[in-house]
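Each remark here refers to the structure printed beneath this line.
Given the structure is predicted, the values throughout are model-derived calculations rather than measurements.
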Amino acid sequence: PVLEVATPFAAAIQQMDGFEVFGRPITHPFYSPDGLLLHIFEKVAVCSPADTPEQANLCPMAAVIGIEPSAAAAKLYDIQEGMMFYIVEGELGFHVPLAFDSFIQQHGGRRASGDPIGEVTLYQDGTVRQCFEHYCLDFVADSSAKEKVDLASLGGQYLQSGLQQGWIPPEVVLPGAPSQRMLLMVA
């Protein structure tokens with residue numbers, strides 16, 4: 001079954017190939033106390049000034065959910081080592097794996113991702129993650145030896161962090177019952 005949710009951000013989302021990669025919507029569009037129009041998906045949040053949804057971009061998710069930025073550093077690696085170097089301050093920046101850079105370029109570029117806020121992190125389950133101002137990317141080699149880059153599923157965490165900061169609780173979208181409120185089940 002297809003879940004249809006209206007969004008004032010449809011054009012901006014399509015420019016970032018978002019409907020396929022953002023995950024399903026977990027809220028209807030709503031206004032934050034500071035006047036932003038927000039629409040939260042499983043993996044990202046889209047926002048704009050309230051009166052200009054055509055200026056939509058991905059929201060600065062990392063700051064809201066408490067991911068602390070690291071200090072930018074000098075370039076050590078380049079394309080021969082499988083890295084791009086994203087400059088964020090003077091000559092300092094962060095190394096970004098080519099697979100992540102390719103994903104970023106295919107889905108709205110650095111305007112959509114924001115600047116990297118740290119280097120790549122390896123987790124115990126083998127996931128490689130790198131966070132940017134607007135989202136985090138995961139690289140997972142699955143059991144069939146295919147490599148995959150995907151957005152980390154942080155939308156629920158973003159929503160919960162926003163609620164703690166005083167956002168008006170939006171209705172959470174449920175297949176088959178889009179008007180039902182379900183804040184406790186958002187993860």
Using every non-hydrogen atom in the two residues, find where [X] and [Y] come nearest and quote the distance to one decimal.
{"X": "Leu37", "Y": "Pro29", "value": "CD1-CB, 4.3 Å"}
{"X": "Ala112", "Y": "Tyr135", "value": "O-CE2, 4.0 Å"}
{"X": "Val96", "Y": "Pro116", "value": "CG2-CG, 4.2 Å"}
{"X": "Val120", "Y": "Val128", "value": "CG1-CG1, 2.8 Å"}
{"X": "Gly162", "Y": "Val64", "value": "N-CG1, 4.3 Å"}
{"X": "Ile117", "Y": "Ala62", "value": "CD1-CB, 3.6 Å"}

Looking at [X] and [Y], would you say the former's side chain and the latter's main chain have a donor-acceptor pair under 3.5 Å?
{"X": "His134", "Y": "Met61", "result": "no"}
{"X": "Glu42", "Y": "Ser153", "result": "no"}
{"X": "Asn57", "Y": "Arg111", "result": "yes"}

Open item on the list: Side chains of Gln165 and Ser161: any donor to acceptor distance under 3.5 Å?
Closed with: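 Side chains of Ser161 and Gln165: no pair found under 3.5 Å.
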I need the [X] [atom1] to [Y] [atom2] distance, nearest 0.5 Å.
{"X": "Ile26", "Y": "His39", "atom1": "CD1", "atom2": "NE2", "answer": "9.0 Å"}
{"X": "Thr121", "Y": "Asp138", "atom1": "OG1", "atom2": "CG", "answer": "10.5 Å"}
{"X": "Tyr158", "Y": "Leu38", "atom1": "OH", "atom2": "CG", "answer": "5.0 Å"}

- [ ] Any chance you could lay out the side-chain contact (heavy atoms from CB on, under 4.5 Å) test for Val21 and Leu151, step after step, and finish with the verdict?
- [x] CA-CA 7 Å; Val21 297; Leu151 292 165; 4.3 Å; yes
TODO: Just jot down the ring pair (Phe, Tyr, Trp, His ring centres under 6.0 Å) partners of Phe94, sequence neighbours excluded, or say none.
DONE: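 Applying ring pair (Phe, Tyr, Trp, His ring centres under 6.0 Å) to Phe94 gives none.
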- [ ] Only pairs at least two apart or in different chains count here, so list each disulfide (SG to SG under 2.5 Å) that has a residue in residues 46-135.
- [x]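 For residues 46-135, and leaving out neighbouring residues, the disulfide (SG to SG under 2.5 Å) pairs sorted by first residue read Cys131-Cys136.
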Task: Phe30 ring center near His28 ring center (under 6.0 Å) - done: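 No, the ring centres sit 6.0 Å or more apart.
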All N/O donor-acceptor pairs, side-chain side in residues 75-93, below 3.5 Å, sequence neighbours left out:
unit_1, atom_1, unit_2, atom_2, d
Asp78, OD1, Gln80, N, 3.1
Glu81, OE1, Asp78, N, 2.9
Tyr86, OH, Asp101, OD1, 2.4

- [ ] Answer yes or no: is there a side-chain heavy-atom contact under 4.5 Å between Pro49 and Gln55?
- [x]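 Counting from C-beta outward, Pro49 and Gln55 do come under 4.5 Å.
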- [ ] Kindly work out whether a path of hydrophobic side-chain contacts (I/L/V/M/F/W/Y, heavy atoms less than 4.5 Å apart) joins Tyr123 to Leu137.
- [x]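 As far as the 4.5 Å side-chain criterion goes, Leu137 and Tyr123 are not connected within one cluster.
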